[in-house]
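Following: one structure in structure tokens, then a few remarks.
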Amino acid sequence: MDSLTNHCNGFFDPKLASEAPIMNSTATSDPKVVTGTAGYILEDVPHLTDYCLNLPTYPNPLQDNPAYSVVKQYFVHVDDSVPQKVVVHKDGARGVHFRRAGPRQKVYFEPDEVQAAIVTCGGLCPGLNTVIRELVCGLHHMYGVKKVLGIIGGYRGFYARNTINLTPKSVNDIHKRGGTVLGTSRGGHDTKKIVDSIQDRGINQVYIIGGDGTQRGASAIFEEVRKRGLKVSVVGIPKTIDNDIPVIDKSFGFDTAVEEAQRAINAAHVEAESVENGIGVVKLMGRYSGFIAMYATLASRDVDCCLIPESPFYLEGPGGLFEYIEKRLKENGHMVIVIAEGAGQELVSESVQSMSKQDASGNKLLQDVGLWISQKIKDHFAELKTMPMTLKYIDPTYMIRAIPSNASDNVYCTLLAQSAVHGAMAGYTGYTSGLVNGRQTYIPFYRITERQNHVVITDRMWARLLSSTNQPSFLSVKHVNEEKKGEEPSNQLPDGHCPDDILVKKKISCIHPPGC
Ligand SMILES: Nc1ncnc2c1ncn2[C@@H]1O[C@H](COP(=O)(O)OP(=O)(O)OP(=O)(O)O)[C@@H](O)[C@H]1O
Ligand SMILES: O=P(O)(O)OC[C@H]1O[C@](O)(CO)[C@@H](O)[C@@H]1O
Ligand SMILES: [Mg+2]
């Protein structure tokens, strides 16, 4: 393999490989922001030509592909962008936009020149294999790219493990399996070693599938690649079962996980309603964000109480959980509680000795809130003596993420993967491929990594949940006002997502038009 094919200049003249790359004026990776009339802002993504001069372009091979040549306007117009907010006021600014994903007229790689690599990092999520499959097939069938490496075992696989060759044949039916055929890991991100490996192997397109931590790692890789002047497109594909990645509509595998959670909730409901004063407790994933618990609750309608990390609750006294459980049992004879793994951690730490351990990636390891709350409820009713009850605790944690993705997630994964490939072939880099308001876009890494997505408990979606379960909000009017005061003003958000458009404005600097 030619180890120089991923150098900006080495592609043309091997002698230049040892020299410093020629950079143009945008060599530092400041955000690329374009402004237009009526408050239009494009938060653009980096391009290889930002730092590699005189790169040759080639006609997109898709123009000769019979499947695509019949499509009117198949190629995306260079000025197409997608608004982050679709609800607007008549006098409001047009706001932040992202570059629309899709194939471009010109590409910056010849098929034979491409050496792609795919890696999966972080926890499992339904759909990982589908994304891998569609990256391989997209590269192969749409662009004629034959060389695709699978990096084994997450980031550390770049420098500590073997790679495998991925072909359309070898990935043909992997989408029917849960997990990731490449394996995954936490920790082990060593930017320099990873980029050394990218350089040594002649990799010039890197597809990095993973959650918030992974995207931070991808951003570091992009910066190092850029610093070294390598012609390497670094592309993130957002994966998170917790739906905690901001900006995007939702993450792939989320619907599958919510659907699978229904089975656990159904079981808890059947168990609970079959005995006198039956209580079913189901613990679902959600380290810092309670989206799975919230959507699983809304979908099921059998849940009487949903507890998530974003909504603090308390057990004893008026308005507390125990009071509500007693009331529900008196009214209905049974109840179901869904609790996200990150809920009530402050309460658990009070009663269980906190170990404050971290996993290999630095994520806080949580106490088992499901077991804890089940025991607390049992103790409460044992003390009460007047109300015998039966509690069944179900923990389907890993079952909801280790399954293959459902049909709609498969389609979603396919579009994500194909968009990622189109972007890399067109020379874009340093971006996450993501769905914004139903459209595929390229989002700069800093927008993905600057914060986590959380359920906003003063938003309509949480209100819908409260009205469907009739559970207490556990919040006083004072709390709600404080919560609202702490938020950035927002009027155009998808329900249940944090406002985030303001955050970035503090960080970005305009580069176009001059003087902006
Ligand atoms: N700030 C960071 N800089 C560089 N690499 C990071 C950073 N944070 C995490 N990583 C790396 O990213 C990989 C995945 O991180 P992590 O285990 O936090 O999972 P994740 O991508 O957030 O996915 P999920 O939380 O959904 O399972 C790990 O290999 C970790 O070392
Ligand atoms: O046990 P593992 O593999 O670290 O994964 C658990 C974590 O992964 C997540 O699903 C995020 O991917 C969290 O909800 C959960 O805390
Ligand atoms: Mg994470």
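The analysis underlying the following values was restricted to heavy atoms, covering all of them including side chains, and did not include hydrogens, waters or symmetry mates.
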Pairwise side-chain contact, [X] with [Y], heavy-atom cut-off 4.5 Å (strictly under):
X: R439; Y: F98; answer: no
X: R401; Y: C125; answer: no
X: V148; Y: T167; answer: no
X: V171; Y: I174; answer: yes
X: I265; Y: V338; answer: yes
X: V195; Y: I221; answer: yes
X: Y143; Y: V107; answer: yes
X: L135; Y: I209; answer: yes

How long is the span from the [atom1] atom in [X] to the [atom2] atom in [Y], to the nearest 0.5 Å?
X: S405; Y: E260; atom1: OG; atom2: CD; value: 12.5 Å
X: I198; Y: T191; atom1: CD1; atom2: OG1; value: 10.0 Å
X: K193; Y: S197; atom1: NZ; atom2: OG; value: 11.0 Å
X: R94; Y: T35; atom1: CZ; atom2: OG1; value: 11.5 Å
X: R287; Y: I292; atom1: CZ; atom2: CD1; value: 11.5 Å
X: L55; Y: C8; atom1: CG; atom2: SG; value: 6.0 Å

Indicate whether any N or O donor in one side chain lies under 3.5 Å from an N or O acceptor in the other, for [X] and [Y].
X: N204; Y: E113; result: no
X: D242; Y: S289; result: no
X: S81; Y: Y40; result: yes
X: T180; Y: T120; result: yes
X: Q358; Y: N363; result: no
X: Q215; Y: T432; result: yes

Backbone N or O of [Y] within a donor-acceptor pair of the [X] side chain at under 3.5 Å?
X: E341; Y: G286; value: yes
X: T184; Y: G122; value: yes
X: N60; Y: Q63; value: no
X: T441; Y: G434; value: yes
X: N65; Y: A67; value: yes
X: Y431; Y: A420; value: yes
X: H141; Y: L139; value: no
X: S433; Y: I237; value: no
X: Y51; Y: L230; value: yes
X: E310; Y: I457; value: no

**Request:** For V235 and T429, run side-chain contact (heavy atoms from CB on, under 4.5 Å): C-alpha distance rounded to whole Å, both residues' side-chain angles, the deciding distance at 0.1 Å, then the answer.
**Result:** CA-CA 6 Å; V235 182; T429 180; over 6 Å; no
**Test ring pair (Phe, Tyr, Trp, His ring centres under 6.0 Å) applied to H47 and Y108, step by step** = CA-CA 10 Å; H47 193 273; Y108 282 77; 4.7 Å; yes
**Trace of the side-chain contact (heavy atoms from CB on, under 4.5 Å) decision for V82 with H97** = CA-CA 5 Å; V82 178; H97 291 62; over 6 Å; no
**Prompt:** Does atom CZ of R186 have more than 12 heavy-atom neighbours from other groups under 6.0 Å away?
**Reply:** yes
**Message:** Are more than 12 heavy atoms, taken from residues, nucleotides or ligands other than N162, located less than 6.0 Å from that residue's CG atom?
**Reply:**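 Open: at most 12 neighbouring heavy atoms sit under 6.0 Å from CG of N162.
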**Message:** Please evaluate residues S219 and T449 with respect to the criterion side chain to side chain donor-acceptor pair (under 3.5 Å), reporting the C-alpha separation (whole Å), side-chain torsions for both, the decisive distance (0.1 Å), and the verdict.
**Reply:** CA-CA 9 Å; S219 177; T449 56; 5.4 Å; no
**Prompt:** How far apart are the C-alpha atoms of Q84 and N437, what are their side-chain angles, what is the distance that settles it, and do they pass the side chain to side chain donor-acceptor pair (under 3.5 Å) test?
**Reply:** CA-CA 7 Å; Q84 184 175 15; N437 293 316; over 6 Å; no
**Message:** Parallel, tilted or perpendicular, judged at 30° and 60°: which one describes the rings of Y155 and H189?
**Reply:**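 Y155 and H189: perpendicular rings.
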Least distance between heavy atoms, [X] atom then [Y] atom:
X: R99; Y: V78; result: NH1-O, 2.9 Å
X: M425; Y: F109; result: CE-O, 3.6 Å
X: I118; Y: L182; result: O-CD1, 3.5 Å
X: T240; Y: S251; result: O-OG, 2.6 Å
X: I245; Y: P238; result: CD1-CB, 3.7 Å
X: P168; Y: H140; result: CG-CG, 3.4 Å

Are the charged groups of [X] and [Y] less than 4.0 angstrom apart, N to O?
X: D255; Y: K250; answer: yes
X: R228; Y: E223; answer: no
X: E43; Y: R447; answer: yes
X: K32; Y: D50; answer: yes

**Prompt:** Does the ring centre of F254 sit less than 6.0 Å away from the ring centre of Y295?
**Reply:** yes
**Prompt:** Is the F291 to H454 ring centre distance short of 6.0 Å?
**Reply:**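 Not under 6.0 Å, so no.
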**Test side-chain contact (heavy atoms from CB on, under 4.5 Å) applied to V33 and L42, step by step** = CA-CA 6 Å; V33 180; L42 170 66; over 6 Å; no
**Test side-chain contact (heavy atoms from CB on, under 4.5 Å) applied to Y288 and K364, step by step** = CA-CA 10 Å; Y288 306 113; K364 194 176 165 209; 3.7 Å; yes
